[in-house]
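Counting from 1, the numbers follow the sequence of the chain as shown.
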Amino acid sequence: MYESRFDAALETLQPVLDASPDHTDALYMQAVCARYLKRHDEARAALDRIKRTAPDFGRAFQEEGHLLRVLGETDRALIAFQRACRFNPALVASWQAQAELHQAAGRPMEARNATAQAERISALPRELVSVTHLLHEGKLLKAEKLCRAFLQKNPHHVEAMRLLAELGNRFGVLEDADFLLESAIEFEPDNTQLRLDHIQVLRKRQKFTAALDQARHLFEADRDNPVFKSHYAIECMQTGSYDEALALFDEILSALPEDPATLTSRGHALKTLGRQDEAIASYRAAFAAKPDHGDAWYGLANLKTYRFTDDELARMQGLEAGTELAFQDRVHISFALAKASEDRNKIADAFAFYEKGNTLKRVQARYTTEQMEEELRAQAEICDAALFAAQSGKGCEDPDPIFIVGLPRAGSTLLEQILASHSQVDGTLELPNILALSHRLRGRQRLSDKTRYPRILHELSEDQLAALGRDYLDNTRIHRGGAPRFTDKMPNNFRHIGLIKLILPNARIIDARRHPMACCFSGFKQLFAEGQEFTYGLEEIGHYYRNYVALMDHWDRVLPGQVLRVNYEDVVADLDGQVRRLLDFCDLPFEQACLDFHATERAVRTASSEQVRQPIFDSGVAQWKKFEPHLDPLKQALGDEILATANPVPAA
């Protein structure tokens with residue numbers, strides 16, 4: 001190919017493609033060769049195949065840009081080059097092409113910015129350009145090896161430190177990433193990208209105050225910069241300062257009144273605060289400014305209570321039927337169309353769109369049922385009765401936390417709202433602190449020694465267990481008000497109940513459970529931001545539910561009486577009785593406000609935010625039954641024994 005022998009290159013590629021039709025690199029080379037041979041339809045077909053199977057492969061969009069330029073479609077070519085750089089910022093040719101296209105269109109400032117990016121990358125050491133390509137093409141182990149080798153020879157090279165921190169971020173080694181970025185900032189305190197990267201890592205580590213400080217540093221250095229202002233606003237939201245965040249969004253919009261990202265972020269903030277009409281207006285303004293801004297369309301759908309107009313439905317259908325939607329916009333609009341179709345009782349159409357959205361997400365996911373089963377099996381095998389006999393009673397004795405665990409969409413937000421309505425309880429959010437702690441305990445060996453955690457729980461001293469409990473309480477304090485107790489409703493914490501009871505022996509744990517068909521299908525319908533990749537397939541979510549039940553049965557055996565199971569259907573049928581049962585378990589006196597939970601004003605950051613602001617309803621209990629003809633894969637994955645032992649479902 002590099003010798004311009006394109007026919008010979010295609011002949012050499014063919015056996016590879018015959019054996020592996022979705023081989024990304026082979027398809028990419030096929031597209032390049034076909035373009036040079038002016039076989040444009042063949043090039044387009046190869047690129048379309050890549051985008052279906054590897055939707056974030058930057059070089060495919062770069063090649064699409066080259067092809068579109070050849071065909072004279074310069075506007076579409078510019079969009080392709082911009083997407084290429086979004087997925088892989090090291091693509092010099094795409095930056096250069098953007099500069100040329102902007103210059104030709106009379107946009108000199110944009111042309112200069114693109115040229116500057118191309119020059120910055122060209123000035124990097126060759127090894128670091130290779131690291132960047134590998135990182136953005138998902139070849140993380142190769143990227144890490146090359147980056148570490150470069151840093152051994154150049155230990156204070158700031159860009160190499162930044163890239164290694166990004167690799168640490170993707171591997172989940174957040175402490176290392178934090179340290180690298182903190183050190184790099186000391187070398188180059190005016191490097192904006194370092195601080196932006198550091199904000200992301202600090203947020204993942206739940207160091208919200210530090211993330212806010214970094215965002216404030218950028219904001220105060222240039223108060224008119226809309227990017228810095230936006231980051232500061234988002235960090236204000238993370239720390240619960242919604243009024244300040246909204247004021248900042250309004251400032252951005254006074255200068256950039258049609259910025260779709262800011263309008264959408266503002267909509268998310270208003271939704272969280274329960275200001276639904278204003279949220280709707282903000283989302284609508286976002287896609288009025290940019291009709292294909294999928295995040296805004298899905299923002300409306302995710303209100304759950306919003307019904308799309310016929311005109312909005314037609315506009316979404318037109319976008320989805322076209323070929324120009326960006327990958328993530330297509331995902332968002334697929335889920336929004338599913339909601340709109342379901343509201344119109346077009347069940348077959350709704351299911352088709354739910355399935356399409358999930359299939360797109362599954363392409364990006366690394367989740368496998370086998371890997372999750374292995375992880376949960378290790379919890380059951382290692383966190384045995386002997387562990388708790390030897391290690392119990394050694395952690396931090398504070399009774400402050402109330403953990404609500406289970407599967408997403410199982411009614412946990414309802415339970416949280418009931419508890420947060422109590423005068424002695426602060427409702428927080430889905431705190432990832434326990435998950436982050438489990439990653440810390442795995443350490444660097446997580447790839448080669450998959451059971452280091454939870455095995456290490458047998459080795460921790462009394463002081464270490466108590467320190468970990470105090471660390472959890474200290475790091476979550478920013479989310480609390482003045483109440484003595486608080487909720488943590490991260491559903492995935494069910495995997496780590498052993499860890500929780502060792503470091504916080506007096507914490508209460510509530511298992512929010514819902515009929516398996518209702519729970520699993522509701523998860524399949526929900527587009528989660530991150531962390532719930534098992535929801536992208538009916539079989540995957542069915543197997544996950546089975547494994548969740550098995551692990552909860554294990555915790556019941558080794559920690560009898562330590563977990564309260566609350567069925568959503570029981571709460572709907574007998575609110576008063578279940579609220580009293582819940583409060584008794586948490587050692588809280590009865591308060592009428594817990595029964596009147598829908599009247600409680602507080603920020604709610606989950607998909608059920610609008611639903612828990614209404615009185616209890618039973619219309620959602622059997623919603624899945626409308627879709628039952630499409631759900632055989634889910635039933636088979638769950639198995640007869642799970643379905644037979646589930647709470648009965650009232651008639652639809």
For this session: Step by step, work out the side chain to side chain contact (heavy atoms under 4.5 Å, CB included) result for Val158 and Ile185.
Result: CA-CA 8 Å; Val158 165; Ile185 289 169; over 6 Å; no
Main chain of [Y], side chain of [X]: is a donor-acceptor contact present, judged purely on distance under 3.5 Å?
X: Arg170; Y: Leu135; answer: yes
X: Asn547; Y: His543; answer: yes
X: Arg485; Y: Pro399; answer: yes
X: Asn154; Y: His157; answer: no
X: His458; Y: Cys383; answer: no
X: Arg455; Y: Glu459; answer: no
X: Ser241; Y: Met237; answer: no
X: Asp426; Y: Ala483; answer: yes
X: Thr428; Y: Thr487; answer: yes
X: Asn169; Y: Ala165; answer: no

Exercise. Glu540 and Thr535: side-chain hydrogen bond (donor to acceptor under 3.5 Å, both in side chains), yes or no, with the steps?
Worked result: CA-CA 7 Å; Glu540 287 85 351; Thr535 62; over 6 Å; no
Tell me whether [X] is salt-bridged to [Y], with the criterion being a basic N under 4.0 Å from an acidic carboxylate O.
X: Glu374; Y: Arg377; result: no
X: Glu235; Y: Arg216; result: no
X: Lys204; Y: Glu175; result: no
X: Arg580; Y: Asp576; result: yes
X: Arg546; Y: Glu641; result: yes
X: Arg565; Y: Asp556; result: yes
X: Asp178; Y: Arg205; result: yes

Non-hydrogen side-chain atoms of [X] and [Y] separated by less than 4.5 Å:
X: Thr645; Y: Val549; answer: no
X: Val563; Y: Ile510; answer: no
X: Ser421; Y: Ile418; answer: no
X: Ile434; Y: Ile503; answer: yes
X: Leu435; Y: Met490; answer: yes
X: Val405; Y: Pro491; answer: no
X: Phe597; Y: Leu575; answer: yes
X: His479; Y: Phe208; answer: yes

Atom [atom1] in [X], atom [atom2] in [Y]: separation rounded to 0.5 Å?
X: Leu212; Y: Ile478; atom1: CG; atom2: CD1; value: 7.0 Å
X: Leu387; Y: Ile382; atom1: CG; atom2: CD1; value: 9.5 Å
X: Asp176; Y: Leu164; atom1: CG; atom2: CG; value: 8.0 Å
X: Asp488; Y: Leu429; atom1: CG; atom2: CG; value: 8.0 Å
X: Glu127; Y: Leu163; atom1: CD; atom2: CG; value: 12.0 Å
X: Asn567; Y: Asp574; atom1: CG; atom2: CG; value: 12.5 Å

Just checking [X]: does its [atom1] atom have more than 12 heavy atoms from other residues, nucleotides or ligands closer to it than 6.0 angstrom?
X: Lys394; atom1: NZ; value: yes
X: Tyr367; atom1: OH; value: yes
X: Gln464; atom1: CD; value: yes
X: Glu397; atom1: CD; value: no
X: Asp474; atom1: CG; value: yes

Problem set entry | Lys NZ or Arg CZ of Arg362 over Tyr536 ring: under 6.0 Å, within 45° | no
Problem set entry | Steps toward side-chain hydrogen bond (donor to acceptor under 3.5 Å, both in side chains) verdict (Gln391, Lys501) | CA-CA 10 Å; Gln391 294 284 64; Lys501 292 306 292 184; over 6 Å; no
Exercise. Is it true that the side chains of Lys304 and Gln526 contain a donor and an acceptor less than 3.5 Å apart?
Worked result: yes
Exercise. Just checking, any donor-acceptor pair under 3.5 angstrom between side chains of Tyr472 and Asp400?
Worked result: no
For this session: Start with the C-alpha distance between Arg442 and Ile456, add both sets of side-chain angles, then the distance that settles side chain to side chain contact (heavy atoms under 4.5 Å, CB included), and finish with yes or no.
Result: CA-CA 8 Å; Arg442 281 190 181 93; Ile456 194 173; over 6 Å; no
For this session: Show your working on salt bridge (charged side-chain N to carboxylate O under 4.0 Å, His left out) between Glu166 and Arg162 and close with a plain yes or no.
Result: CA-CA 6 Å; Glu166 175 59 21; Arg162 191 190 73 80; 5.7 Å; no
For this session: Using the side chain to side chain contact (heavy atoms under 4.5 Å, CB included) rule, take Asp584 and Arg581 through it: C-alpha gap first, then chi angles, then the decisive distance, then the call.
Result: CA-CA 5 Å; Asp584 285 346; Arg581 178 170 170 257; 5.8 Å; no
Do [X] and [Y] make the cut of ring centroids closer than 6.0 angstrom?
X: Phe219; Y: His231; answer: no
X: Phe187; Y: His156; answer: yes
X: Tyr548; Y: Phe494; answer: yes

For this session: Could you give me the CA-CA distance, side-chain angles and deciding distance for Arg513 and Met552, then say whether side chain to side chain contact (heavy atoms under 4.5 Å, CB included) is met?
Result: CA-CA 11 Å; Arg513 193 166 293 192; Met552 292 308 301; 3.5 Å; yes
Problem set entry | Worked verdict on His496 versus Tyr453 for ring-ring contact (aromatic ring centres under 6.0 Å, His included) | CA-CA 10 Å; His496 307 289; Tyr453 168 79; 5.6 Å; yes
Problem set entry | Shortest non-hydrogen contact between Phe524 and Asn358, atoms and distance | O-ND2, 2.8 Å
Exercise. Closest approach of Phe486 and Leu473, non-hydrogen atoms and distance?
Worked result: CE2-CD2, 4.0 Å
For this session: For the residue pair His515 and Trp624, categorise the inter-ring angle as parallel (less than 30°), tilted (30 to 60°) or perpendicular (more than 60°).
Result: parallel
Exercise. Could you go step by step and tell me if Glu220 and Tyr232 meet the side-chain hydrogen bond (donor to acceptor under 3.5 Å, both in side chains) rule?
Worked result: CA-CA 10 Å; Glu220 291 180 349; Tyr232 185 47; 6.0 Å; no
